[in-house]
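Following: one structure in structure tokens, then a few remarks.
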Protein chains: 2
Amino acid sequence: MAGDGWSAGDGGSSVFGDQAGSAALLWGERGRPSRGPKPALSLERITRTAIALADLGGLGAVSMQRVAGELDFTKMSLYRYVPGKTELVALMIDTAMGEPPAVAPDAAWRPALRTWAGELSAVFRRHPWLLEAAVGPRVMGPHELGWTECALAALARTGLSGSEQLDTVVLVTGHVRGIAQITASMGVGSARGTHPEQVLSAALNELLVGRSDRFPALTSAVAAGAAECGRDQALEFGLERILDGLESLIARRAADASPDTARKAGTDGGDATTT
Amino acid sequence: MAGDGWSAGDGGSSVFGDQAGSAALLWGERGRPSRGPKPALSLERITRTAIALADLGGLGAVSMQRVAGELDFTKMSLYRYVPGKTELVALMIDTAMGEPPAVAPDAAWRPALRTWAGELSAVFRRHPWLLEAAVGPRVMGPHELGWTECALAALARTGLSGSEQLDTVVLVTGHVRGIAQITASMGVGSARGTHPEQVLSAALNELLVGRSDRFPALTSAVAAGAAECGRDQALEFGLERILDGLESLIARRAADASPDTARKAGTDGGDATTT
DNA sequence: CAGAACAGTGTCCATTGGATACAGTTTTCT
DNA sequence: AGAAAACTGTATCCAATGGACACTGTTCTG
């Protein structure tokens, strides 16, 4: 009854209703009980194997049988370490995220946030299955929370309010994810290996041929943009726009706070947003 | 052999390798052959039923058996209309997206893009399963392409290049998706019904209790931001930042093109981005 | 040393997406 | 009219999935 080892320690009045198992695995102490035979497997080994499988064949290639087979064990033996596949995926996510990048505490917020976004993008490029795995309601693990912490630390001295800082992290994350989404979409298919944006243009062109009257703006945009396209151009473009918008807001805030030092925080204190 | 009805009409030299079936279903003419009994089902009915199931119980609640059972048919009868579940999901996506919002051709780009983002957000709120369904490589349907077209039309006269316009659409879409992601994450769980951001704060607080030394920036940001938080505040905040950044770029472009009319396109021609 | 706590396995089950073969219906061709 | 072809819906079968449960064997503690 109470010895399943997965239930949370407290009485259960947690906001994580069904996901207490994930929370316990992600955050709990995993002290091995000192009775019975030593486990031949480990959570780390299982998780790493599952991640390796997902890196190769996507999240669909991760099944209990395959993970167990890769380790020369039976499927059910995994359930001694993990209460279910959902929890295994949660572990995979947090392990694959890895340690957040170290930021110098005195670094300026803009380059810090830029490298943060770049590192996050690299993580998504290394583990494209994170895009399909980290959707829907789930419990954040220590690494995932660490990434958020890292970005918030960069924004601590910007004058933004707490919720604005959180919203900023959400904004940048959403952009990086969106780009990773498209990049992953182009990494498969018949034209694997060519420049990704060319594949996108090719796919769009194939759809647009004979339909340019229905999609005139798309047609002209694709035609005009097909010439110059680099790999991470979309990521850079969006990121610069976001950072520009943030800088404008931060400068405005600084100007409101102390008008005499308005030109110090940002390069420009203009009222760029006359909504 | 050649009469399966799902293969593309042409020889098959398409960039959609495995997804020719989706492309044919999404874009092809679905003229009914005039031999044999009339179909008792229709693609539209199947798709609508599947969407209704997904709206209620998520994408996981959509199985061929359930859809067929809902229609009082056998599972295999659906395969007369849809080559596989992948294609059914593709149809669900494009149907759920619906018609893009109509924009006046002479509307200013900023309000147009803002309402576009709001409508997109509403779609994601109506069909949260779109977030998990529309990941990974897939074929865009006419409605999805129509949404892109709609946004590009708003950006046509901004002076942005074709790829910049496309990158802008990707940027805004990524933000809206990111917000919808978080909103959907909070729509479930034990505290369903309360204000979503309060649930997020509660979950974060539960994780942060006793660990504020490990996540100082997060702790203070959550503490400072817990007071004032509205429903769509995160969406609005990020959107305004993006639009600010875009406005800055557009104004700079206009200034470069014709310095005398610099103050016309944007409110400010300052060099806000000294990368 | 005896029993409790533990690890790994074998077996079973419901459900999933899908292939295939078949019976019944409707239209077209001879 | 009659026959063959094309089409619809169904029944049956299959591999793979996540997971429950009972079981054997191992190891540490009282």
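A quick note: this is a predicted structure, and the numbers were derived from the prediction, not measured. First the proteins, then the strands, lettered A, B, ... as listed; each starts at 1.
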Which part of the nucleic acid, if any, lies within reach of B:V82 when heavy atoms closer than 4.0 Å are counted: base, sugar-phosphate only, or nothing?
nothing

Contact check, residues 70-78 of chain B vs DNA chain D, heavy-atom distance under 4.0 Å, returns B:F73, B:T74, B:M76, B:S77

Under a 4.0 Å heavy-atom criterion, the protein footprint on nucleotides 21-30 of chain C, written with B, S and -, is B--BBBBS--

| request: Could you check whether A:V62 gets within reach of a base, just the sugar-phosphate, or nothing at all, counting any heavy atom under 4.0 Å? | output: sugar-phosphate

Notebook entry, point to check: When you measure from the side chain of B:H143 to the backbone N and O of B:D94, does any donor-acceptor pair fall under 3.5 Å?
Noted result: yes

Any side-chain N or O of B:Q65 less than 4.0 Å from the OP1 or OP2 oxygen of C:dT16? yes

(Q) Set out, in order, the CA-CA distance, both residues' side-chain angles and the distance that settles side-chain hydrogen bond (donor to acceptor under 3.5 Å, both in side chains) for B:S121 and B:R125, then state yes or no. (A) CA-CA 6 Å; B:S121 176; B:R125 207 170 307 145; 3.0 Å; yes

With B:M92 as partner, the option from B:T49, B:L130, B:L59 fulfilling side chain to side chain contact (heavy atoms under 4.5 Å, CB included) is B:L59

| request: Establish, with yes or no, whether the OP1 or OP2 oxygen of C:dT9 is under 4.0 angstrom from a side-chain nitrogen or oxygen of A:Y79. | output: no

message = With a 4.0 Å cutoff (strictly under), does any side-chain N or O of A:R66 reach OP1 or OP2 of D:dT17?
response = yes

Between B:R48 and B:D55, is there a salt bridge with N-O shorter than 4.0 Å? no

Side-chain atoms of B:S63 come closest, of C:dG8, D:dG19, C:dT16, to C:dT16

